[in-house]
Amino acid sequence: MSDDDDPVVRHFLVCRRVKYDPRIPWAPYSVRNVIFNRRPTRGYPVVLPAVWTFTHIEGTGSHEFWIAVVPYPDDEDDRPEAVASYGPYLVHLGPTPARLSRGWRLRGVPFPAPGMYSFDFTLGGVVLAQHFIWLEG
């Protein structure tokens, strides 16, 4: 697959819920409560039972995406390991350019300590989109 075949991610959000309603074909997805920061009530480590991601992708072909939760480093040259990884999410766009929206539920999302975390939407190890969440201490 060449770089020209790589899909383009137009939207990638982390939220409390994604609802799908096929009765509204021009806008079937509802994104509820986008998460930007969170303060756990019982300290760390904390595991959120579930969060959702909403993704809107454009392109062609079939692809295998992954979502990783990574502590955001103070020094970008020293990127830490992911604390969790979810996938694969298989997306079939077809031979002609297409648009596709999806909501994916992530279960048991861990946060070992306060700080900034990045949800990385990846294809073949390359980060295509990110959503950041600040976990307060």
Side-chain angles (χ1 to χ4, degrees):
M1 175 170 45
S2 73
D3 290 340
D4 294 338
D5 294 334
D6 287 348
V8 175
V9 179
R10 297 291 181 203
H11 302 285
F12 178 65
L13 298 170
V14 176
C15 54
R16 300 254 336 218
R17 181 84 170 111
V18 173
K19 184 178 177 186
Y20 178 76
D21 186 346
R23 296 173 297 167
I24 309 171
W26 48 273
Y29 287 93
S30 295
V31 176
R32 308 262 172 116
N33 305 103
V34 176
I35 303 170
F36 296 105
N37 66 330
R38 172 102 188 201
R39 177 180 292 197
T41 56
R42 299 182 189 236
Y44 291 91
V46 65
V47 176
L48 299 181
V51 299
W52 287 75
T53 64
F54 171 80
T55 309
H56 180 80
I57 305 163
E58 296 179 355
T60 60
S62 295
H63 306 279
E64 182 178 286
F65 296 101
W66 288 82
I67 299 171
V69 181
V70 182
Y72 195 71
D74 293 330
D75 177 5
E76 290 204 27
D77 292 332
D78 186 27
R79 189 158 170 84
E81 293 290 320
V83 296
S85 184
Y86 302 88
Y89 299 103
L90 303 176
V91 172
H92 304 288
L93 295 165
T96 59
R99 295 180 181 97
L100 183 73
S101 296
R102 282 290 182 266
W104 289 302
R105 184 178 186 181
L106 311 181
R107 296 175 191 257
V109 181
F111 297 99
M116 183 74 75
Y117 288 83
S118 171
F119 284 70
D120 295 351
F121 188 73
T122 66
L123 173 65
V126 175
V127 177
L128 299 180
Q130 294 178 300
H131 181 101
F132 295 93
I133 294 178
W134 173 253
L135 272 282
E136 298 178 16

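None of these values were measured; they are calculated from a predicted model.
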On a heavy-atom basis, which atom in [X] and which in [Y] lie closest, and how many Å separate them?
X	Y	result
Val9	Ala129	CG1-CB, 3.8 Å
Leu135	Ala113	CB-O, 4.5 Å
Pro95	Thr60	O-CG2, 3.8 Å
Val69	Pro110	CG1-O, 4.4 Å
Val70	Pro80	CG1-O, 3.5 Å
Ser101	His56	OG-ND1, 2.7 Å

Exercise. Carefully, step by step, assess Val83 and Phe111 under the rule side-chain contact (heavy atoms from CB on, under 4.5 Å).
Key: CA-CA 7 Å; Val83 296; Phe111 297 99; 5.7 Å; no

How many angstroms lie between [atom1] in [X] and [atom2] in [Y], if you round to the nearest 0.5 Å?
X	Y	atom1	atom2	result
Ile67	Thr53	CD1	OG1	3.5 Å
Tyr117	Gln130	OH	CD	15.5 Å
Phe65	Leu128	CZ	CG	6.0 Å
Leu93	His63	CG	NE2	5.5 Å
Ile35	Leu48	CD1	CG	6.5 Å

Quiz item: Does Val8 sit in a hydrophobic cluster with other residues, and if so which ones, taking ILVMFWY side chains as linked at heavy-atom separations under 4.5 Å, directly or through other members?
Solution: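 Members besides Val8: none; it forms no cluster.
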
hydrophobic_cluster_shared for [Y] and [X], side chain cutoff 4.5 Å:
X	Y	result
Val51	Val46	yes
Phe119	Leu123	yes
Leu100	Trp104	yes

Using the test side chain to side chain contact (heavy atoms under 4.5 Å, CB included), find all partners of [X] that sit at least two apart in sequence or belong to another chain.
X	value
Trp66	Glu64, Ser85, Pro88, Thr122
Glu81	none
Leu13	Val31, Val34, His131

Quiz prompt | salt bridge (Lys or Arg N to Asp or Glu O under 4.0 Å) contacts in which one or both residues fall within residues 15-25, not counting sequence neighbours | solution =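 Counting only pairs at least two positions apart or across chains, the salt bridge (Lys or Arg N to Asp or Glu O under 4.0 Å) contacts touching residues 15-25 are Asp21-Arg23.
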
Self-check item: Sequence neighbours excluded, every pair satisfying salt bridge (Lys or Arg N to Asp or Glu O under 4.0 Å) that has a member inside residues 90-108
Solution: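 Found Glu58-Arg99.
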
Practice problem: Applying ring pair (Phe, Tyr, Trp, His ring centres under 6.0 Å) between Phe121 and each of Phe12, Phe54, Tyr86, Tyr89, report the one that passes. | Solution: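 Result: among Phe12, Phe54, Tyr86, Tyr89, Phe12 is the only option passing the ring pair (Phe, Tyr, Trp, His ring centres under 6.0 Å) with Phe121.
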
Quiz prompt | Any donor-acceptor pair under 3.5 Å from Tyr72 side chain to Phe132 backbone | solution =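 No, Tyr72 side chain to Phe132 backbone: no donor-acceptor pair under 3.5 Å.
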
